[in-house]
Amino acid sequence: MRGTIFNYTLFFVAALFLLSGCSPVSAAEATEFGEFSAEDFAYESKCRQCHAIIYSDWEGTMHFNAYLDPFYLEEVKVASNDTDGLVDEFCSRCHTPIGVVSGEIPPIDGSEMSDISKLGVQCDFCHVVSGSNGTGNAPFIVSPGDTKWGPFDDSRSTYHDSEYLELYTQAEYCGMCHQVIHPVNGLVIDDTYSTWKDSHYGEENVVCQDCHMTEGITEFEANPGRAGSGAPKRDHISSHDIVGGNAFIPPMFGADNIAEMAVERLQKAATLEISAPEIAKTGEEITIKANITNSGAGHYIPTGVSEIRQIWLEVHVTDRGGKEIYSAGALDENMNIVSAKMIYNNVLGDSEGNVTLSFWLADRVLEDNRIAPEETVTEEHTFTLPEDVEYPLSVETSLNYRSAPQDLIDHLLGEETQVPVISMNEVSSTIYDPATPPEERSEESTPGFGIVPATMAIILMMYVFKRK
Ligand code: HEC
Ligand code: HEC
Ligand code: HEC
Ligand code: HEC
Ligand code: HEC
């Protein structure tokens with residue numbers, strides 16, 4: 001074990017050496033570790049005085065939580081241990097950027113951190129970004145102080161100077177952090193930016209901000225208003241409730257509103273279609289076919305730490321008496337997914353080819369089962385109808401999303417923390433006895449949840465965070 005860490009260390013040092021010498025962009029151009037002190041940055045409470053709406057949008061989001069997120073804090077401890085502290089600065093650069101540029105991390109235990117560094121990805125970090133050296137692994141340049149950079153070229157404030165920077169309106173801004181590359185072996189761990197770039201959204205320049213910082217979820221929708229008190233009315237100001245699919249962490253910080261928005265977003269991300277026979281005889285082999293399309297996301301679903309996220313189809317076929325005839329993708333008593341046809345995520349392997357969720361130890365992709373933008377994947381469920389069924393049969397399917405496998409969270413945060421399972425879409429249909437005349441078969445296919453807001457309440461009831 002010791003040997004592995006030692007080799008890892010050597011590799012890491014060698015790789016850093018090579019990177020700093022050979023890469024066209026030298027690391028010195030990006031903001032360096034410890035270049036500033038925490039006092040150079042302003043507290044978000046200062047910004048809130050004039051930007052109250054933007055503040056309340058941001059509060060409780062995953063950017064607000066980026067450091068205090070208990071899932072992150074536990075994982076970074078493990079990662080730090082596994083690598084003898086070599087990843088401390090690397091991980092922290094995105095999760096507490098002020099902590100890194102002010103030299104308060106390492107130590108990774110947070111003992112040297114000031115309060116402001118714990119506020120994750122915040123106002124006076126994002127708006128003092130004065131440039132970048134491309135995308136991936138946080139190559140930001142920051143210039144804390146009187147000037148706030150942003151999307152307007154005519155902005156005035158009594159408190160600060162304003163400077164326009166086109167980067168704020170581009171996907172490359174987000175791509176600084178939403179593209180993670182293993183610092184030693186170059187394996188791309190998070191490819192949200194590059195998969196966006198290669199998609200039709202990238203080609204048409206539908207940027208991250210269009211879907212994540214406007215009223216629209218799958219396209220730009222203007223949000224007219226004022227960006228601050230005393231500011232002029234504008235046709236569009238950006239929403240700062242930047243949400244993805246995470247409905248797990250925000251409620252831990254009291255932000256149920258953010259979780260609700262994440263559920264709504266997940267329900268616009270994919271469509272589900274199923275085809276099942278309308279009639280079937282006992283003893284007959286039945287096939288249910290499901291088509292799942294990534295219809296709304298500008299990148300793969302899932303994306304980000306997609307080796308940890310899980311999307312899968314749950315299928316239940318029951319007869320009139322409620323007897324289960326077929327099931328796939330249900331959860332067992334330990335909340336493990338049982339016999340799903342596919343878990344749509346990617347599977348990373350360590351240097352020995354063993355599956356790992358510890359992406360800092362990964363050096364290869366064993367399988368990539370995510371769904372690309374606009375791609376449709378198909379799965380088939382086949383079973384034989386037993387002799388003793390009571391017709392009609394109901395077929396119920398749900399496309400589910402979970403931020404992490406329950407057993408990983410049990411291990412890191414304890415068994416009382418339950419990861420919510422969110423239904424992205426549901427479709428059902430009915431299979432009749434061939435003897436039933438067609439006029440007595442009521443067509444019962446239901447559309448997905450995404451377009452039936454009344455069902456939202458039911459899904460939100462699934463938010464049981466404490467398993468009792
Ligand atoms: C993850 C980085 C990020 C964080 C955190 C963030 N902003 Fe922004 N902000 C942006 C980007 C990017 C834009 C421009 C979006 C566009 O125009 O497409 C923006 C735009 C703005 C604008 C211009 C008006 C508007 O809404 O378009 C103001 C003012 C602003 N932010 C203030 C704040 C304040 C105050 C906070 C903290 C409560 C904050 N921002 C947090 C990235 C961030
Ligand atoms: C005294 C009130 C006040 C305070 C305090 C304040 N702002 Fe502003 N800010 C404004 C006004 C007014 C505007 C102009 C908005 C417009 O042009 O529509 C503005 C504009 C901005 C812009 C847009 C700049 C551009 O060119 O696109 C950003 C970014 C911004 N503020 C960030 C911040 C941050 C970060 C803080 C906290 C460190 C902060 N502001 C504190 C009043 C304030
Ligand atoms: C300084 C680095 C940084 C920048 C810049 C940044 N992000 Fe993030 N973002 C993060 C981190 C770190 C997290 C995750 C925090 C966590 O999970 O604990 C995150 C989380 C998110 C999430 C929530 C994901 C989920 O699972 O729900 C979305 C959506 C998101 N960012 C979009 C954006 C967009 C859009 C931009 C550009 C306007 C952007 N981010 C800019 C670092 C950044
Ligand atoms: C066409 C609209 C669209 C565009 C463009 C888009 N997104 Fe998303 N994004 C979504 C939807 C819908 C979801 C919810 C599905 C999901 O969570 O995978 C999402 C989810 C996410 C998540 C959470 C991922 C997960 O699976 O948990 C992150 C992080 C994110 N987006 C970041 C970005 C970044 C960064 C960009 C730009 C490089 C971007 N998005 C561009 C629509 C978009
Ligand atoms: C280049 C920026 C970057 C680096 C470096 C980085 N992360 Fe992240 N991390 C992110 C972003 C962005 C997300 C959100 C992705 C999403 O939700 O889809 C994230 C999400 C996570 C999550 C999921 C949190 C949740 O609540 O779902 C964990 C855990 C995590 N990171 C741990 C780490 C560890 C440990 C390291 C170092 C080995 C690390 N990260 C390095 C940007 C980064």
Side-chain angles (χ1 to χ4, degrees), residues 61-80 82-83 86-97 120-122 125-126 129 132 135-140 168-183 189-190 192-197 199 201-202 206-213 216-220 238 240 242-250 252 258 261-262 264-270 294-306 308-309 311 345 358-361 370-371 373 401 403-404 408 412 419 424:
T61 60
M62 292 307 291
H63 286 142
F64 171 99
N65 299 331
Y67 174 75
L68 291 174
D69 175 348
F71 183 18
Y72 167 71
L73 286 176
E74 290 306 314
E75 283 280 71
V76 80
K77 261 192 237 165
V78 179
S80 178
D82 285 353
T83 60
L86 284 166
V87 295
D88 295 3
E89 189 194 324
F90 171 69
C91 304
S92 308
R93 203 167 164 83
C94 297
H95 287 267
T96 164
V121 181
Q122 54 185 293
F125 171 77
C126 276
V129 169
S132 92
T135 51
N137 289 4
F140 47 69
Y168 283 80
T169 63
Q170 298 170 327
E172 286 66 29
Y173 181 87
C174 318
M176 292 187 293
C177 301
H178 287 268
Q179 180 80 12
V180 187
I181 301 142
H182 195 291
I189 299 162
D190 177 344
T192 305
Y193 169 77
S194 55
T195 63
W196 167 83
K197 182 89 186 146
S199 74
Y201 297 98
V206 177
V207 296
C208 322
Q209 290 87 331
D210 289 337
C211 296
H212 286 280
M213 295 185 78
I217 288 178
T218 56
E219 62 189 358
F220 176 86
S238 36
H240 279 67
I242 306 177
V243 296
N246 205 316
F248 172 40
I249 303 297
M252 297 181 185
I258 300 295
M261 291 170 73
E264 192 189 348
R265 178 167 292 270
L266 286 168
Q267 291 177 344
K268 294 253 171 80
N294 174 352
S295 49
H299 35 70
Y300 279 69
I301 52 170
T303 190
V305 284
S306 41
I308 292 177
R309 311 291 188 222
I311 291 179
N345 63 10
S358 305
F359 51 87
W360 50 93
L361 299 178
R370 301 172 301 166
I371 310 171
Y401 175 96
S403 291
L408 176 68
L412 292 171
V419 188
M424 298 172 70

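Counting starts at 1 for both ligands and their atoms, following the listed order.
By the 4.0 Å heavy-atom criterion, Gly296 is counted among the residues contacting ligand 4. Not a single heavy atom of Lys268 lies less than 4.0 angstrom from ligand 4. Remark: distances from the non-hydrogen atoms of Thr303 to ligand 4 include one below 4.0 Å.
Of the protein's non-hydrogen atoms, Cys208 SG, 1.8 Å is the one closest to atom 37 (C) of ligand 4. Nearest protein heavy-atom contact of atom 27 (O) of ligand 4 is Tyr401 OH, 2.5 Å. Scanning the protein for heavy atoms near atom 15 (C) of ligand 3, the closest one is Met62 O, 3.5 Å. Nearest protein heavy-atom contact of atom 34 (C) of ligand 3 is Cys174 SG, 3.4 Å.
The distance criterion of under 3.5 Å between nitrogen or oxygen atoms is not met by Tyr193 with respect to ligand 4. In terms of polar-atom proximity, His212 is counted as a contact of ligand 4, with an N or O under 3.5 Å from an N or O of the ligand. For the pair Trp196 and ligand 4, the shortest N or O to N or O distance does not fall below 3.5 Å. Residue Asn137 places no N or O, backbone or side chain, under 3.5 Å from any N or O of ligand 5.
In Phe248, neither the side chain nor the backbone holds a heavy atom less than 4.0 Å from any atom of ligand 5. With a heavy-atom cut-off of 4.0 Å, Arg309 touches ligand 4 through its side chain alone. At a 4.0 Å heavy-atom cut-off, ligand 5 touches Asn246 through the side chain alone. Looking at Arg93 against ligand 5, nothing comes within 4.0 Å, counting heavy atoms.
The closest heavy-atom contact to atom 3 (C) of ligand 3, among the options Pro302, Gly120, Cys177, comes from Cys177. The heavy atom nearest to atom 21 (C) of ligand 3, considering only His95, His178, Gln122, is found in His178. Counting only non-hydrogen atoms, the option in Met176, His240, His63 that gets closest to atom 19 (C) of ligand 3 is His63. Scanning Ala66, Cys91, Ala79, Pro97 for the heavy atom closest to atom 38 (C) of ligand 5 points to Cys91. Distances from atom 22 (C) of ligand 5 to the heavy atoms of Leu412, Val305, Thr192, Val121 put Val305 nearest.
Look at Cys211 and atom 8 (Fe) of ligand 4: no N/O/S atom of the residue is under 2.8 Å from the metal.
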